[in-house]
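Per chain, numbering begins at 1; letters A, B, ... match sequence-line order.
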Amino acid sequence: MTFLPMAASGGEVPVVEPIAATGAFSLMWLLIALPLAGAVVLLLGGRATDRWGHLLGTATSFASFGLGVYLFVEMLGLGEEERQHGLRLFDWITAGSFTVGFDLLLDPLSILFVLLITGVGSLIHLYSIGYMAHDERRRRFFAYLNLFVAAMLMLVLAGDFLGVFLGWEGVGLASYLLIGFWQHKPSAAAAAKKAFVINRVGDMGLSLAIMLMFVTFGTSSFAGVSAVAGEASETTLTIIGLLLLLGACGKSAQVPLQAWLLDAMEGPTPVSALIHAATMVTAGVYLVVRANFIFENAPVAQTVVVVVACVTLIWGAVIGCARDDIKKVLAGSTMSQIGYMMLGAGLGVAGYAYAIFHLITHGFFKANMFLGAGSVMHGMDDEVDMRRYGALRRAMPVTFITFGLGYLAIIGFPFFSGFFSKDRIIETALLENPVAGVAALIGAGVTGFYMTRLMLMTYFTNKRWAEQAHPHESPAVMTVPLVVLATLSVVGGVLILGDWIKYWLAPVVGEAEEHSTPVPPIVFSIVITVVVAIGVALAVFLVGRRDVPREAPSDVSPLTRAARADLYGDAINEGLVVGPGRVLVESVTVTDAKVVDGLVEGTSYGIGGLSGRLRRFQNGFVRSYAAAVLLGVLLVVGALLVVTLA
Amino acid sequence: MTPYIVLSAILFAIGAAGVLIRRNAIVVFMCVELMLNASNLALVSFARQNGNLEGQVAAFFVMVVAAAEVVVGLAIIMTIFRTRRSASVDDASLLKY
Amino acid sequence: MIAFWVLAPIMVLAALGVLFVRKAVHAALLLAVVMISLACLYAVLEAPFLFAVQIIVYTGAIMMLFLFVLMLVGVDSSDSVVETIRGHRVTATVLGVLFAAVLAIGLGQVGLAPAVGLTEANADGNIEGIAAILFSDYVLIFEATAALLVTAALGAMVLAHRERTEPKATQADLAARRMKAYADRGENITPLPAPGVYARHNAVDTPALLPDGSPAPTSVSRVLTARGTVRSAPDMADDIDAVRRQMSGRPEPEADTSRAAVQGETPGDSQRPDRGGEQA
C-alpha cells in the first residue's frame with residue numbers, strides 16, 4: 001500500500017483572527033457555565049436535589065441549546081469576516097512574560113459543535129429521564145451528564161490549545177464517571193479504568209504537542225499559532241501533528257488506541273449515545289480540523305492521519321460484522337464512522353468540511369440508533385444479545401421505524417443524511433488518494449452488511465426471546481427524542497445543499513479550489529450505492545434467509561473469530577504493553593526483593609550472625625573476663641618487650 | 001635487685017593465675033591481695049634501687065587502698081553469700097548474653 | 001641476700017599452695033606465710049616502717065578479716081574439683097605461666113646498676129623520711145585516702161546492713177513457730193541436745209549418747225561435722241568401761257559391741273532451717 005504524500009492542496013491556510021465579542025456573543029461563556037452550574041448544584045446539593053435534579057439537568061442543557069441557537073442565528077446574519085468572536089474571560093496563567101488567557105472562541109466551526117452537543121445532548125437528557133427512571137442514583141447521573149456537556153463545550157469553545165486540554169480532560173473524567181456509573185458491576189469498573197488509562201496515552205500526546213507549541217511558537221492560542229505556523233520547520237510541525245494525532249486517536253478510539261471503546265458500552269445506553277457515539281469520540285476529529293494550520297504544513301502527519309483513518313474504518317467495520325452484542329456492533333460502527341471523519345480530516349482542505357458534515361449527520365443517526373438500542377434493551381429486560389431478539393418490529397413500532405431511518409442514513413441510502421456526507425468523503429478520497437478511497441468504498445460496503453445484519457437480527461427473522469421477556473414500546477419521554485433524532489437523520493443532508501457547510505466553514509478551514517472531476521459526481525454516488533447494496537444483499541442472503549441460532553456458532557472462519565475478539569486489539573495491547581510492563585515490574589520487584597533487600601538484609605543477617613557468635617564470649621563468668629584481661633596485659637607487655645628489646 | 005623483681009613477677013603471676021583458677025570468691029580475693037603484695041615488693045625494691053623513699057610511700061598507699069578494698073569486697077561477698085548461699089564466683093553469672 | 005634466698009622459695013611455695021589447696025582456711029594461712037615473709041624482705045630492703053605496717057595491717061588486720069569472713073561463710077566451703085568453664089583451667093594455667101615467663105625474661109634482660117641503697121635517705125630515720133614525703137608532696141593524696149577509708153567503712157556498713165522488712169519476731173512468735181515445725185515436720189520442741197560431757201572430755205566435739213546408746217548427731221556443731229573432727233562417743237565409752245573395769249577389778253574382754261562411728265553419718269543439717277535469721 002503506498003500513500004503518496006499530498007502537497008498542501010493549494011490555497012492559503014486561514015489564520016484565526018477573532019474579533020472581540022460584543023453584544024450577545026459576549027454571553028458565550030454562559031454556554032459552558034449553565035451546564036456546569038447544573039453539575040455543581042446537583043453534585044453539591046446531594047439528596048436534597050434528588051426529586052427535581054433530573055429536571056434541572058435537562059433544563060440547563062436546553063438553556064444552553066437555546067442560547068446556542070440564538071448565537072447561531074445571530075452569526076448567520078453577520079458577514080463572513082465577522083463570524084469569529086474571541087472572548088478573554090481572565091488571565092489564566094501569568095508567569096513573567098508568559099501569559100495564557102482563558103480564551104473562548106466562537107466561530108462557524110465551534111457553533112456547529114455547540115449546536116450538536118447541546119442539541120443532541122438535550123435530547124439525550126430528555127431520553128434519560130425515562131431511561132434512568134428506576135435508578136436511585138439518577139440525580140448523580142444527570143450531574144455527570146451536565147458535567148460532560150460543560151466540559152465538551154469547553155473543549156470546542158476554547159480559543160487556546162490549553163483550554164482545549166482543559167475540556168479534553170474534563171470529558172475524559174466525565175466519560176470515566178459515566179462508563180463506571182454502574183460501578184457495582186466489576187466489568188463496568190474495569191471498563192471505566194481501561195478507558196481512562198488508554199485515554200491517558202492520548203492525553204500525553206496532546207499535552208506534549210502543547211508543550212512543543214509553547215517551545216516553538218511561544219504561545220498555544222489558535223490565533224498565535226496559526227499566524228506563525230508556516231514559519232516553523234516542517235519537522236517540528238510534523239512532530240506536533242503526530243502528537244496531536246496521538247491525542248485524537250486516544251479520544252476518538254482510532255487504531256492503535258481503539259480498545260477502550262467497545263468496553264465503554266458497559267455504561268448506561270444514553271451515555272453510549274451521547275459520549276461514545278455523538279460527541280466526545282468526535283473530539284479527535286475536531287482537534288485535527290481545528291489544528292488544520294498545523295496539518296496543512298505537515299503533509300507527512302496528514303498522510304499518517306489518512307492511514308490511521310483507513311485502518312480504523314475497516315477495523316471497526318469488521319468488528320461490527322461479528323459481534324452479537326447490539327451495543328458493541330454500534331460501537332464498532334462508531335469506530336468505523338469516525339474513521340471516515342478522520343479520513344476526511346486527513347485529506348486536507350478538500351475534506352475538512354465533509355469530515356465535520358459527516359460528524360454532524362453521524363451524531364444524529366448514531367445517537368438515534370444508540371437510543372433505539374437502549375429502547376430495545378429497555379423493553380427486553382436489558383438483554384443486549386441480538387441472538388435473543390428477533391421480530392421486534394411489531395412489539396416496538398416507534399423504535400423500529402426511527403431505528404430504521406437511522407439505519408438507512410448510516411448505510412447511505414439515497415437522500416438520507418449519511419448518503420450525502422459519506423458520499424462526499426469517499427468521493428474526495430477517491431480523487432485525492434485512490435488507495436484510501438478504495439478502502440473507504442469497501443468500508444461502505446461492509447457497513448451495509450453489518451448494519452443490515454443488525455436490523456435483521458433485531459427486528460426481523462424469528463423470535464428468539466428469553467421466556468420471561470415481554471417486549472413493549474418505551475414511554476413517550478424516550479420515544480420523542482427518537483423521533484426528533486430520526487427526523488434529523490433523514491433531513492440532515494440539507495446542510496450540504498448548495499455546498500452551504502463548505503462555505504460556512506471556509507473562514508476556519510480554508511476553501512479548496514474546485515477540482516475538475518474525471519467523471520460526473522453522480523457516477524461516484526452510483527458506484528457507492530451499488531457497493532452498499534451488495535453488502536446489504538449479502539446480509540439478507542446470509543442472515544435474513546436463514547434461521548439465526550440462539551447461541552453463536554463456534555465453527556466459524558478465523559476471520560470471524562478474530563473479529564469477535566475485536567481483531568485481537570486487547571491481545572495486542574496485552575502482548576505489547578501490558579505483558580512487557582508486567583514483566584518489567586515483576587523483574588524490578590524481584591530485583592528489589594532479591595538484590596537490594598538481599599544486600600541490605602544479608603548485611604544485617606551477617607552482622608546478626610556474627611553478633612550471635614560474638615556474644616557467646618559474654619558468658620557471664622567473671623573469671624573468663626579476668627582471663628581476657630590477663631591476655632590483654634600479656635599482649636601489651638609482650639609488645640612492650642618486643643619493642644624495647646628489638 | 002633483679003632477684004627481688006623477678007620474685008615479685010612470679011608472685012604476681014601466681015596471683016593472677018589464682019584469680020583465674022579459683023572459684024571461691026574469698027580465695028580469689030586472697031589472690032588479688034597476693035598480686036598487690038607482689039607489686040608492693042617491686043615498689044620497695046625500686047625504692048632501694050633508686051635510693052629514695054617515694055617507692056615506699058607508694059607501697060604504703062597501696063596498702064591503704066588494699067585495706068579499703070578488702071573491707072568493701074568482703075562486704076560484697078557477704079551480701080552475695082547471704083542471698084545466694086554460695087561464695088562461688090561462677091554462680092553469679094546471670095549478667096550475660 | 002641470704003634472707004632472700006631462704007625466704008623466696010618459701011614464698012613461692014606458699015603462693016602456689018594458695019593456688020592449689022582446696023580449703024579456703026588453708027589458703028588464708030598460706031597467704032599469711034607469704035605476707036610475713038614479705039615483711040621480712042621489707043626489713044631487708046631497708047623499709048622498717050613498711051615491715052611494721054605489713055605485719056600489723058596486712059597480716060594482723062586484713063588476714064583476720066579474711067578469716068572472720070571465712071568463719072561467717074563457713075569454713076567447710078571449698079571448691080569442687082570440676083571446672084565449670086570448659087578449657088578454662090588450661091587457659092588460665094597457660095596464661096599464668098606465659099605471663100610469669102614473659103615478666104621474668106623481660107626483667108632478666110634489664111641490667112640494673114648496683115642498688116643505690118637507702119642509707120642516705122634513711123639518715124634521719126625511715127619513718128621520718130617517709131613522713132617528710134607523705135606530708136609534703138603526697139599530703140593531698142593522703143587526705144584522699146582518709147576519705148577513701150571513711151567511704152569504705154560506710155560502704156561496708158551499708159552492704160552488710162539488712163533492712164528489716166517484717167516486724168521482729170517476739171518470743172511468742174518463736175514459740176508458735178517451733179510448735180508449728182513440730183506439728184508439721186516433727187522437729188524438736190525442746191532445745192537441741194547438748195554435746196557429750198564426760199569426765200575426761202568436756203568436749204563439744206563429742207556427740208551425746210541417746211538412751212539406747214547411739215550418738216545424737218544434732219548435739220554437735222555442724223561445722224565440726226563438716227570438718228570431720230567429731231569424736232566417736234563409743235570410743236569414749238570404751239575408756240569409761242576400761243576405767244570401770246579397773247575400779248571393779250574384774251577384767252572383761254567384751255568391749256567391741258555397738259561401735260557406731262558418727263563420722264560416716266551426714267547429719268543432714270544443710271536441710272536444717274537456718275536459725276541465723278532469727279538471731280539478727
Side-chain angles (χ1 to χ4, degrees), chain A residues 574 578-646, chain C residues 11-12 14-24 26-28 30-31 34 62 65-66 69-70 72-74 77-113 115 152 155-156 159-160:
Chain A
E574 188 82 20
V578 181
R582 189 167 288 154
V583 169
L584 180 69
V585 169
E586 273 168 10
S587 59
V588 167
T589 315
V590 168
T591 310
D592 183 52
K594 301 282 181 214
V595 179
V596 178
D597 285 6
L599 208 64
V600 174
E601 285 172 11
T603 312
S604 70
Y605 279 133
I607 290 177
L610 193 64
S611 312
R613 298 279 182 285
L614 283 178
R615 70 173 191 167
R616 295 282 155 191
F617 286 106
Q618 204 74 17
N619 57 9
F621 292 118
V622 72
R623 294 189 297 138
S624 290
Y625 305 157
V629 172
L630 184 59
L631 182 65
V633 171
L634 191 60
L635 290 176
V636 170
V637 172
L640 273 176
L641 274 183
V642 168
V643 171
T644 323
L645 298 180
Chain C
M11 286 168 72
V12 171
L16 287 173
V18 173
L19 203 51
F20 293 120
V21 292
R22 286 194 54 206
K23 286 191 192 300
H26 296 171
L30 286 169
L31 188 62
V34 175
I62 294 182
L65 199 55
F66 268 107
V69 171
L70 270 179
L72 279 179
V73 168
S77 69
S78 57
D79 286 357
S80 73
V81 190
V82 185
E83 174 61 53
T84 40
I85 312 173
R86 194 156 48 89
H88 185 78
R89 189 169 292 173
V90 179
T91 316
T93 312
V94 169
L95 278 176
V97 171
L98 264 180
F99 191 60
V102 166
L103 279 183
I105 291 169
L107 291 169
Q109 301 292 321
V110 182
L112 286 178
L159 283 172

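When all heavy atoms of C:His88 and A:Ala627 are compared, the closest pair comes out as CE1-CB, 4.0 Å.
Between atom CG of residue C:Leu103 and atom CG of residue A:Leu641 there is a gap of 8.0 Å, rounded to the nearest 0.5 Å.
In this structure, chain A has no heavy atom under 4.5 Å from any part of C:Ile105.
Residue-environment remark: OH (A:Tyr625) exceeds the threshold of 12 foreign heavy atoms within 6.0 Å.
Interface check for chain C: of the options A:Leu631, A:Leu630, A:Thr644, the most heavy-atom pairs under 4.5 Å are formed by A:Leu630.
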